[in-house]
Every structure is written in structure tokens, then in C-alpha cells.
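Here is the naming used below: chain letters follow the sequence lines, and residue numbers restart at 1 for every chain.
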Amino acid sequence: MRIAVVADGEGGGWLQELDAVPGPVRRVADLAAAVRAAEHAGPEPPRWVWSAGEDVYPDLVRAGVRVSRCHDAALTEALLLGHQVRHREAHSLGAAWARLHGLPVPADPVRPLGEGAAAQPALFEADRSTLPPGTDRLAALVEVHGDQLRRIADLPDPGRMRLLTAVESAGGLAATEMSHDGLPWRPDVHDRILTDILGSRPPAGRRPPVLADLAARIGDAVGREVNPDSPAQVLKAMAWIGHPVESTRSWVLEQVDHPVVPLLLRYKELSRLHSANGWAWLETWVGERPGPRGERLGRFRPDYVVGGVVSGRWATRGGGALQIPKSVRGAVRSDPGWVLVRADAGQLEPRVLAAVSGDDALAAAAAEEDLYARLAVHVGGDRERAKIGMLSAMYGQTSGDAAPLLATMRRLYPRALDHVDSAARTGEGGGVVRSWLGRTSPAPDDWAAAVSGPGGDRRRRAHGRFTRNFVVQATAAEWALVLLAALRRRLPDMPEGGGIVFFVHDEVVLHVPAELADEAVRAVADAEAQTRTTLFGETPVRFPLATVVTDNYAHL
DNA sequence: ACATCAAGCCAC
DNA sequence: AAACGTGGCTTGATGT
């Protein structure tokens, strides 16, 4: 059962059941209540059809309503357009509707920063619609939805795109829920970590003591004042002391034997922490509320952008949620009486390559807990070398000692290497490639001009590396999406703030009451098993999920 | 004053 | 070991 839903901007809305024959339009005064009721009415929950998750779902979640499944017309439109290599075209409901009617296509609305869950309740705001004023929004939604189902059915492999649009839509649900619940974050612990490393908190705009001291010692070592935050000044300083360098990257400086180098490296490392995840970050991104024992509890609420990366990985905006440095992860703590359940997929991309390429030898290695260790046995070298060889194959690295390694890989894992090599050849020719479920790489822009001039070969190779990596990275992102969708449907009902609270490419974090930890761990394991068979059927490849129950995200 | 770019490092 | 994929973010430098 599918139910199309449109909000009226005042807490109510319109619903229409979409069976073979669309049902009558039903006007409801309390949309949240109506959705909640329908969600539990039948033996199976409906699939909600809506214009875009961010139009409707944040308000539902704020009202305490969660849904199982949806069809997100905007996310679906983007996938279908992409499949036709029309990535640049607008994908909102209004854009899809305009194309159906031969009308001018509106640009996609820009989503304001921090809208996810940090924004005030919007009462099912309707004015973000890209449909022309006066259009029957429910009818337009039903029409676009029907068209999308037909376009999917017409694909060579409709089952895969059906799965892809379903899990992409489920990702939209999970993203909204995660933004709402937030990642539990202890400001007092974060402050303690910063103070331990940087010294006491300075007034805004000043360097913390440890950085100020390092800057002074750098000046002394050079013989004149240097702002270590300025690469230009550091370059001059290095030349001044007789060690000219071509850049101030850490690994370049590491080659230089001079007493200022360790000071600079230390400064860069700590300065990065201070500027990117220091006290200013804490103040901006983590709210606070008092805990039951007087501790300061907070939540970090990233704004996730589902499908924000061409490969289908998610992006986030604001707060840098996908790059929380290891050094501050200790600030992520479960609430008292709760635990974090952290599940991390190890070596996901080579396992994905083994599964999609059907390479028996690589699949045999991917049946092991430690794929790289098994590779090392095959390759006849150490684990680290085997890993570099595998990554070189997936990323297109050619420098260093990658070339002989790649030759070995090609001999041992011919089908796997052929899979990425042929994707690379396609890219070098300006073509597009697809993931396992049919997410399609964007065509390069201005290809003819770009490859005809000087630097054309470089450009070809660069695009070849992109498509080479795309077939693996995009399929790995699909694996993660299927896992996320499977997991959120398996989790038991939780009190407010419980459930999936964080997701980074190949890792999920749950925040659950301690007494539900065992059940959550089982749900993770079940979700993995289902993900593997849903995507790849019978395969020897394993996707081990390292799952830990802890009160501290820094703990492995 | 503000916008944009390049450099650099963080994550996966 | 160091140029190899996807991103976000902050800073200083440069341009309008």
C-alpha cells in the first residue's frame, strides 16, 4: 500500500491511497496523527509517497511520529535523471512535474544550512514547493510518482533501481531521525580533552597557551617572527634558514632535518584541532542541557545530505560531521543508563569489489575476517604491501612501487582487476559507469575541449581514476544504505533519543538504553546478513561488522 | 567591506 | 611512501 501525502502548512494535509486505482483524496486536520494511525493500521506499514523527505518528515519526527518506508520523489528523480546521464538537471517535484508538462523547469531550492532538525518547527511548511502557484500539489505528486514507477519499470534491470530508490529514500528517513536525535556529546569532556592538549581556553581570537608557546619557539628557531598559520610565511622562513621547500605539507617538512621542523609539525597538528574542533566548534555545534547527575549533556546534530556525493555517499553541512577527528571522539558518551553500539564495516571496498567482479580468488580472501592478511599470503609479501596494492587498484595509483604490485594483483585477481581497469578505460574515453544497483557516474563536462588541448592526457587519466573508483565506492555506499535501511526496521521501539544517531560511510552508531543493547547488537548482525544476500545473493564474500557496546565512542 | 581562491589537513 | 578516489572546513591571501 502506498499513500501519497502533502502537507498544508498548518499542521494538516491531504492523503491519497495509491493502489491500482488511486483512492479518494482525504483531508486531515492533524497530519501527524493521521500518519501515525495509518502506520499501524494494516498488517504491513504503508510506503509514504512524498515530494522530499525534508519537506514533511522533520515535522513528523518532531511530533513523535516515525514511519517505516517512503518513496522520496526528489531523491528518486535524481537517481533516474542520473541514470540517463542528466545529473545537472533539477530534481525537485516541481522540476519533474514541469518536465512532464513541457513547462519551464524550476531550479532546485537551496536548502538553508542547519535546516535538518536544528530549525524551529515549521508546521509542515508548504511554501518551499517548486510547483507553480495554484497547482494541485497532491495531484502533481501522484502524477510524478506514477511516471517514476513507469521509468523504473522500463529499465533493463528494474529490480535494482527499485531497491536503490527504496534504500535512498530510507536513507532520507534515517538522516532526518539522526539529525533530530543527535549524537550524544559531552561538552565538559570535550573541554577537558582540549585543555589537556592545548592548555586552558583562551579568549576568543587568541592562541591557547600551548600554541602560543610553540609559535614563540618557532620564531626563536628561525631567528625572526613567523606566523605558522600562514603557509607563505613558513615557506619564506624555511628558505631563510637554508632549507627551501616547495610546500609546507607535513610530509614535505618531515624530510627536512632542522630543529624547527618538529615544532612546526606539532603546531600544525594542534592548530588544526583548535581551529576545526576547538572551543568555538563546541559552542557552535553542541547544545547543552543538564543531566540527571548535574553533568553537562549535549547533542551534536549534523545536517546530512543524502546522496550529496556523486558516488552516493552522504555529505554533511556544518560542523564537519564526517571528519570528527579521532582525538575528540572521547567526547561522544552515552547518557547515564544508556550505551553506544558502534558497528564498523572493515575493508568494505575490496570486499565489494570481490562481490561485484565475481573474482573467485579475491572472494576467497574476502571470505576471511582479515582480507588483507590473506592477500599478503597470496602476494607473498607483508600485509601492508598487499593493502597498498589493493588500494592502488581501486584508486588508480601508479607512482611509487605500485606498478609491480599491480602486475601481481592482475595475475592473482584477474576478474577483479579487469572490473576496475575496464571502468577506468571507460572513464578515460569520457564515458560513464554504473554501480551495482545502477547509480550512474556523471559525464565529465566539456570533455572534447578538455582532452584536446595540452593536459588532455592528464585529464583523461584523472577521469579514468574517478570512474575506476566510482564502481567500487558507489557500490560500497549502496551496501551501507541497504544496511542502514535494514537496521532501522529491525531496531526495537526506543524512548526519545534512541536509535541510530550517527553514520559515516561504513560505520553506524546507535544510542540505546543499556537493557536494549543485546537486542540492538542482534539487529545489527541480522541487518548485515540481510544486506549481503539482498545485494549479492549467494556469495562467499563476507562483510564483517565489528560491533562494540561502549559508553565512549573513542573505545574500539 | 565582502567574496573567492589556494593551501592544507581531517575523515572515509 | 607520498600524488591516489570522495568530500568538508578553516585560514590567509587576493580580488572587487
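Ionic pairing of A:Glu428 and A:Arg425 is not present here: no N-O contact between side-chain nitrogen and carboxylate oxygen is shorter than 4.0 angstrom.
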Acceptor/donor pairs from residues 196-204 of chain A side chains to any protein atom, 3.5 angstrom cut, sequence neighbours excluded:
residue, atom, partner, partner atom, Å
A:Arg201, NH2, A:Glu283, OE2, 3.0

Please set out all donor-acceptor pairs under 3.5 angstrom arising from side-chain atoms of residues 241-253 of chain A, sequence neighbours excluded.
residue, atom, partner, partner atom, Å
A:Ser247, OG, A:Arg249, N, 3.2
A:Ser247, OG, A:Arg249, NH1, 3.4

Mind listing the side-chain donor-acceptor pairs of residues 340-349 of chain A below 3.5 Å, one per line with the distance, residues two or more places apart or on another chain?
residue, atom, partner, partner atom, Å
A:Arg342, NE, A:Glu507, OE2, 3.0
A:Arg342, NH1, A:Tyr553, O, 3.3
A:Arg342, NH2, A:Glu507, OE2, 3.4
A:Gln347, OE1, A:Arg351, NH2, 2.6
A:Gln347, OE1, A:Leu371, N, 2.9
A:Gln347, NE2, A:Asp370, OD1, 3.0

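Taking each heavy atom of A:Asp359 and A:Ala416 in turn, the nearest pair found is OD2-N, 2.9 Å.
Computed from coordinates, the A:Glu349 CD to C:dG7 C1' distance equals 13 Å when rounded to whole Å. C:dG8 atom C1' lies 14 Å from atom OH of A:Tyr304, rounded to whole Å. The distance between atom CG of A:Leu348 and atom P of B:dA11, rounded to the nearest whole Å, is 19 Å. Atom CZ in A:Arg439 sits about 15 Å away from atom P in C:dT6, given to the nearest Å. Atom pair A:Leu406:CG and C:dC4:P shows a separation of 12 Å (rounding to whole Å applied). Here the P atom of nucleotide B:dA7 and the CG atom of A:Leu264 are 18 Å apart, to the nearest Å. The distance from atom CG of A:Asp229 to atom C1' of C:dT10 is 10 Å, rounded to the nearest whole Å. Residue A:Asn227 contributes atom CG, which lies 14 Å from atom P of B:dG8 at whole-angstrom precision.
Atom CZ of A:Arg410 sits in a crowded spot, with more than 12 heavy atoms from other residues, nucleotides or ligands closer than 6.0 Å. Around CD of A:Glu225, the count of heavy atoms belonging to other residues, nucleotides or ligands within 6.0 Å does not exceed 12. The number of heavy atoms from other shown groups lying within 6.0 Å of CZ (A:Arg458) does not exceed 12.
Within residues 232-248 of chain A, no residue has any heavy atom under 4.0 Å from DNA chain C. A heavy atom lying under 4.0 Å from DNA chain C marks the following residues of residues 456-479 of chain A, by number: A:Arg465, A:Phe466, A:Asn469, A:Gln473. Interface residues of residues 268-278 of chain A facing DNA chain C, ordered by number: A:Arg272, A:Ser275; criterion, heavy-atom separation under 4.0 Å. The stretch residues 197-207 of chain A has no heavy atom under 4.0 Å from DNA chain C, so no residue of it qualifies as close.
A donor-acceptor pair under 3.5 Å is absent between the side-chain atoms of A:Arg465 and the main chain of A:Gln397, judged by distance alone.
Between A:Tyr304 and A:Phe502, the two ring planes are tilted [angle within 30° to 60°]. In this structure, A:Phe466 and A:His463 have tilted ring planes: the angle between them lies in the 30° to 60° band.
Between the side chains of A:Ser179 and A:Arg301, no donor-acceptor pair of N or O atoms lies under 3.5 Å.
Among B:dC12, B:dA7, C:dA13, the nucleotide with an atom closest to any side-chain atom of A:Arg329 is B:dC12.
Sorted by first and then second residue, the pairs that involve residues 386-436 of chain A and meet ring pair (Phe, Tyr, Trp, His ring centres under 6.0 Å), not counting sequence neighbours, are A:His378-A:Tyr413, A:Trp436-A:Phe536. Residue pairs meeting the ring pair (Phe, Tyr, Trp, His ring centres under 6.0 Å) criterion with at least one partner in residues 184-220 of chain A, sequence neighbours excluded, are A:Trp185-A:His190, A:Trp185-A:Trp281, A:Trp185-A:Phe300, A:His190-A:Trp281.
Residues satisfying the side-chain hydrogen bond (donor to acceptor under 3.5 Å, both in side chains) criterion with A:Arg459, sequence neighbours excluded, are absent altogether. Partners of A:Tyr57 by ring-ring contact (aromatic ring centres under 6.0 Å, His included), not counting sequence neighbours, listed by chain and number: A:Trp50.
Nucleic acid contact for A:Val252: none, since no nucleic acid atom lies under 4.0 Å from a heavy atom of the residue. Note on A:Ile324: only backbone sugar-phosphate atoms sit closer than 4.0 angstrom, heavy atoms only; bases stay farther off. Note on A:Gly319: only backbone sugar-phosphate atoms sit closer than 4.0 angstrom, heavy atoms only; bases stay farther off.
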Extract from the structure each pairing of a protein N or O with an N or O of nucleotides 1-3 of chain C at less than 3.5 Å, listing the distance.
residue, atom, partner, partner atom, Å
C:dA3, N6, A:Arg249, NE, 2.6

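Separation of atoms CG (A:Leu163) and CG (A:Leu535) is listed at 6.0 Å; rounding is to 0.5 Å.
Phosphate contact (OP1/OP2 of C:dG5, side-chain N/O of A:Ser311, threshold under 4.0 Å): absent.
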